K.L.:
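Could you have a look at this structure, given as structure tokens, before my questions?
Both ligands and their constituent atoms are indexed starting at 1 by order of listing. Computation of the quantities below employed the complete heavy-atom set of this structure, encompassing side-chain atoms and omitting hydrogens, waters and symmetry-equivalent molecules. No experiment lies behind these values; they were computed from the predicted model shown.
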Amino acid sequence: MKKNEEYVVTCIDETNQAAGIVKIDDMVVFVPGLLKGEKANIRILKVQKSYAFGKIMQFLETSQDRIEPACKVFNKCGGCQYQHIDYKAQLKRKRDHLENRVLKRLEDVEVRDVLGMEHPFYYRNKAQFPVQIKDGKILMGFYRLHSNDIVCCDHCMIQSKKINELYKFIQEHITLDMAQGLRHILMRHAYKTNECQIVFIGSKRNNFDDLIQKLIQKFPDVQSVVFNLNTRKDNVILGKDYEVLYGREFIYESCLSNKVKLHFKSFYQVNPVQMEVLYEQAIKAADLNKDMRCIELYSGVGTIGMAVSKYVKEVIGVEIVQEAVKNAKENCRINQIENCRYICQDATEFARKCAQKEEQIDVVFVDPPRKGMTPQGIEDISTIQPGKIVYISCNPETLIRDLILFKEQGYSCKFIQPVDMFCQTTGLECVVLIERV
Ligand SMILES: C[S@@+](CC[C@H](N)C(=O)[O-])C[C@H]1O[C@@H](n2cnc3c(N)ncnc32)[C@H](O)[C@@H]1O
């Protein structure tokens with residue numbers, strides 16, 4: 001097989017990253033966007049030792065699941081991978097991929113149907129638009145897949161409508177002087193309160209006054225404009241130092257009837273509708289009662305702990321980002337919640353200390369970042385011997401790895417309840433109930 005050769009192929013399967021799998025003379029060829037059962041003429045783009053990559057040149061037969069993508073730049077932008085698939089079929093694919101991966105490494109685990117959205121577009125409450133200057137022109141948009149090139153577009157089908165309006169307005173009013181040294185513009189839109197936040201992130205504090213004046217006149221819901229200094233050379237988006245340019249450094253949101261104060265550095269789930277579904281599933285899985293003491297590891301601004309607090313005796317939350325811990329403490333105060341406390345500490349360190357103290361803990365909620373938990377953290381949590389662990393994960397790969405480690409510690413996974421937090425993309429969030437055997 002050689003580069004640029006063309007073949008007529010039929011897709012036999014799909015990867016969980018939305019590439020079709022075809023076989024040519026026993027060689028596996030990955031063809032992005034090709035769906036199972038589809039027949040197409042493809043061109044070989046790259047040949048490795050045991051596999052190759054191809055590109056669709058012409059469809060000969062298409063799947064019933066295929067639909068016209070709603071977005072004009074779907075094939076260029078790296079943001080969505082599933083817009084060419086009917087939403088019900090997206091959910092089925094996500095569940096099937098997850099079950100295949102889980103059952104390869106763990107037996108007897110129930111993988112439930114994915115809980116999807118009624119309206120699976122315009123759901124995101126946060127965007128980070130990269131900004132570049134090229135040939136004297138300001139480029140602002142989204143990254144092309146696997147690249148730092150910017151795909152410019154005037155509309156995003158998964159960002160909230162308000163973020164789309166703000167994005168368009170800033171595109172139209174930002175000047176070259178303002179864009180010098182700018183790397184990203186972060187926007188947050190609180191779904192329930194409508195409050196908006198804009199963070200200019202760059203290596204140079206330019207004068208944004210004119211733009212800010214125009215912005216707040218047009219969008220009275222903008223309650224926070226911040227400049228964040230980032231001189232790093234890597235791809236970490238936020239720097240340490242910042243200056244509030246207008247309003248405050250936080251916005252207010254609401255989650256499961258609790259008011260939430262949210263600093264721009266604090267993590268918040270990107271899909272506010274499905275976030276509540278996710279937490280409700282986590283609470284249901286835990287089967288809580290008023291005598292229980294709970295730990296919430298990786299607690300962010302305390303949204304899970306606050307929702308859990310009314311069902312239990314006590315919640316101790318642990319989070320490493322100072323601003324988020326400060327928000328969590330204030331959030332408890334604002335909502336008059338007295339049985340939650342939040343600690344700023346590394347989750348593994350906290351678990352170690354807790355294991356040494358031999359405290360009685362009934363349920364542990366964990367919601368780690370994509371890289372999952374540490375083996376040490378899993379060992380220490382298991383030493384505490386909670387009856388139940390509710391693991392919330394945004395990365396099936398690290399989730400499965402961690403479930404195997406929990407199994408080695410005498411815990412077994414009862415079920416996995418996927419929730420579609422990242423509609424139109426291949427991403428998947430899961431609530432998992434783990435119990436002591
Ligand atoms: C996926 S978020 C979940 C936050 C929260 N549970 C929620 O639903 O909004 C993961 C959180 O873990 C925090 N985190 C990352 N590494 C950590 C660590 N080593 N120890 C404690 N918290 C950590 C992040 O700052 C982030 O707030």
Side-chain angles (χ1 to χ4, degrees), residues 124-126 186 188 190-192 236-238 240 250-256 258-283 285-286 294-309 315-332 335 340-355 363-381 389-399 402 417-419 421-422 427-432:
R124 281 189 63 104
N125 57 13
K126 179 184 171 186
L186 183 154
R188 248 181 182 159
Y191 171 74
K192 296 256 178 80
V236 173
I237 292 184
L238 286 175
K240 186 170 159 283
F250 60 87
I251 51 174
Y252 284 108
E253 175 55 307
S254 164
C255 172
L256 292 174
N258 286 315
K259 195 168 176 180
V260 180
K261 195 169 176 177
L262 187 57
H263 191 277
F264 75 91
K265 286 193 183 181
S266 302
F267 175 92
Y268 199 72
Q269 302 286 350
V270 294
N271 184 330
V273 174
Q274 292 296 81
M275 170 184 189
E276 294 192 342
V277 175
L278 183 80
Y279 292 172
E280 277 164 355
Q281 289 297 321
I283 290 170
C294 304
I295 290 175
E296 181 197 5
L297 295 183
Y298 309 94
S299 51
V301 295
T303 36
I304 296 177
M306 288 196 293
V308 162
S309 67
V315 182
I316 307 165
V318 183
E319 159 65 47
I320 205 157
V321 172
Q322 262 177 11
E323 289 82 358
V325 176
K326 192 169 166 231
N327 285 161
K329 288 179 178 173
E330 285 168 335
N331 288 335
C332 287
N335 294 295
C340 285
R341 59 195 161 93
Y342 285 91
I343 299 170
C344 188
Q345 196 172 17
D346 168 65
T348 303
E349 252 176 56
F350 175 85
R352 167 103 299 196
K353 294 218 169 98
C354 208
V363 181
V364 177
F365 292 88
V366 296
D367 184 6
R370 284 189 67 75
K371 64 182 179 196
M373 293 182 70
T374 62
Q376 187 63 56
I378 292 173
E379 198 182 314
D380 288 329
I381 288 298
I389 297 161
V390 179
Y391 192 135
I392 300 176
S393 159
C394 59
N395 183 350
E397 197 173 312
T398 53
L399 169 66
D402 290 351
Q417 174 61 71
V419 177
M421 293 280 273
F422 314 106
L428 188 59
E429 189 89 13
C430 294
V431 174
V432 182

K.L.:
Side-chain donor-acceptor pair under 3.5 Å between Asp380 and Gln376, yes or no?
P.N.:
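Yes.
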K.L.:
As an exercise, identify every atom of ligand 1 less than 4.0 angstrom from a heavy atom of Ile304.
P.N.:
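So the atoms of ligand 1 that pass are 6 (N).
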K.L.:
Which is it for Pro368 and ligand 1 at heavy atoms under 4.0 Å: side chain, backbone, both or neither?
P.N.:
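Just the backbone.
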K.L.:
So which of Phe267, Tyr298, Tyr279 gets nearest to atom 14 (N) of ligand 1, if we judge by its closest heavy atom?
P.N.:
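It is Tyr298 whose heavy atom sits nearest to atom 14 (N) of ligand 1.
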K.L.:
Taking all heavy atoms of Ile392 and all of Pro368, pick out the closest pair and write down the distance.
P.N.:
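Minimum heavy-atom separation between Ile392 and Pro368: O-CD, 3.4 Å.
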K.L.:
For Val321, counting its heavy atoms only, list the atoms of ligand 1 lying under 4.0 Å from any of them.
P.N.:
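Numbered from 1, ligand 1 contributes 25 (O).
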K.L.:
Do the non-hydrogen side-chain atoms of Ser254 and Lys259 ever get within less than 4.5 Å of each other?
P.N.:
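With C-beta onward as the side chain, the pair stays apart.
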K.L.:
Only heavy atoms of Gln269, strictly under 4.0 Å: list the atoms of ligand 1 that pass.
P.N.:
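Contacts of ligand 1 toward Gln269, numbered from 1: 7 (C), 8 (O), 9 (O).
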K.L.:
Does Gln345 come within less than 4.0 angstrom of ligand 1, counting non-hydrogen atoms of the residue?
P.N.:
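The answer is yes, since Gln345 has a heavy atom less than 4.0 Å from ligand 1.
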K.L.:
Do you know the tightest heavy-atom contact between Met275 and Cys255?
P.N.:
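Smallest interatomic distance, heavy atoms only, reads CE-SG, 3.9 Å.
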K.L.:
For atom 22 (N) of ligand 1, what's the nearest protein heavy-atom neighbour? Residue, atom name and distance, please.
P.N.:
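Ranking protein heavy atoms by distance from atom 22 (N) of ligand 1, first comes Ile320 N, 3.2 Å.
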K.L.:
Give me the residue, atom name and distance of the protein heavy atom closest to atom 27 (O) of ligand 1.
P.N.:
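The closest one turns out to be Glu319 OE1, 2.6 Å.
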K.L.:
Are Ser299 and Tyr342 linked by a side-chain donor-acceptor pair shorter than 3.5 Å?
P.N.:
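Looking only at side-chain atoms, Tyr342 and Ser299 do not form any donor-acceptor pair under 3.5 Å.
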K.L.:
When you measure from the side chain of Asp402 to the backbone of Met373, do you find a donor-acceptor pair of N or O atoms at a distance under 3.5 Å?
P.N.:
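Looks like yes, one N/O pair under 3.5 Å.
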K.L.:
What part of Ser299, side chain from CB on, backbone N/CA/C/O, both or neither, has a heavy atom under 4.0 Å from ligand 1?
P.N.:
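Just the backbone.
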K.L.:
Hey, which atoms in ligand 1 end up nearer than 4.0 Å to a heavy atom of Asp346?
P.N.:
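Those atoms are 18 (C), 19 (N), 20 (N).
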K.L.:
List every atom of ligand 1 that sits less than 4.0 Å from any heavy atom of Ala347, numbering the atoms from 1 in the order shown and giving each element.
P.N.:
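With Ala347 as reference, the close atoms of ligand 1 come out as 18 (C), 20 (N), 21 (C).
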K.L.:
Considering only protein heavy atoms, which is closest to atom 3 (C) of ligand 1, and at what distance to one decimal place?
P.N.:
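So the nearest neighbour among protein heavy atoms is Asp367 OD2, 3.2 Å.
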K.L.:
When you look for heavy atoms under 4.0 Å from ligand 1, do you find them on the side chain of Leu297, its backbone, both, or neither?
P.N.:
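Within the 4.0 Å criterion, Leu297 makes no contact with ligand 1.
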K.L.:
Please determine whether any non-hydrogen atom of Pro369 lies less than 4.0 Å from an atom of ligand 1.
P.N.:
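Pro369: in contact with ligand 1 (<4.0 Å).
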K.L.:
For Cys394, is the nearest heavy atom under 4.0 Å from an atom of ligand 1?
P.N.:
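Per 4.0 Å heavy-atom rule, Cys394 does not contact ligand 1.
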K.L.:
Is any side-chain heavy atom of Gln417 closer than 4.5 Å to one of Cys430?
P.N.:
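The answer is no, as the side chains (C-beta and beyond) never meet within the 4.5 Å cut-off.
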K.L.:
State whether the shortest distance between N or O atoms of Val318 and N or O atoms of ligand 1 falls below 3.5 angstrom.
P.N.:
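Among all N and O atoms of Val318, none is under 3.5 Å from an N or O of ligand 1.
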K.L.:
Under a 4.5 Å cut-off applied to non-hydrogen side-chain atoms, are Leu297 and Phe365 in contact?
P.N.:
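In short, these two side chains do not touch, never coming nearer than 4.5 Å.
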K.L.:
Go through Glu276 and Lys192 one step at a time and tell me if the salt bridge (charged side-chain N to carboxylate O under 4.0 Å, His left out) criterion holds.
P.N.:
CA-CA 12 Å; Glu276 294 192 342; Lys192 296 256 178 80; 2.5 Å; yes
K.L.:
Closest approach of Thr374 and Thr348, non-hydrogen atoms and distance?
P.N.:
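Scanning both residues completely, I find the closest heavy atoms to be OG1-OG1, 2.7 Å.
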K.L.:
Check whether any side-chain N or O of Asn395 sits under 3.5 Å from a backbone N or O of Glu429 as a donor-acceptor pair, and report yes or no.
P.N.:
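The answer is no, because no donor-acceptor pair under 3.5 Å joins these two groups.
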K.L.:
Could you list which atoms of ligand 1 come closer than 4.0 Å to a heavy atom of Thr303?
P.N.:
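Result: 7 (C), 9 (O).
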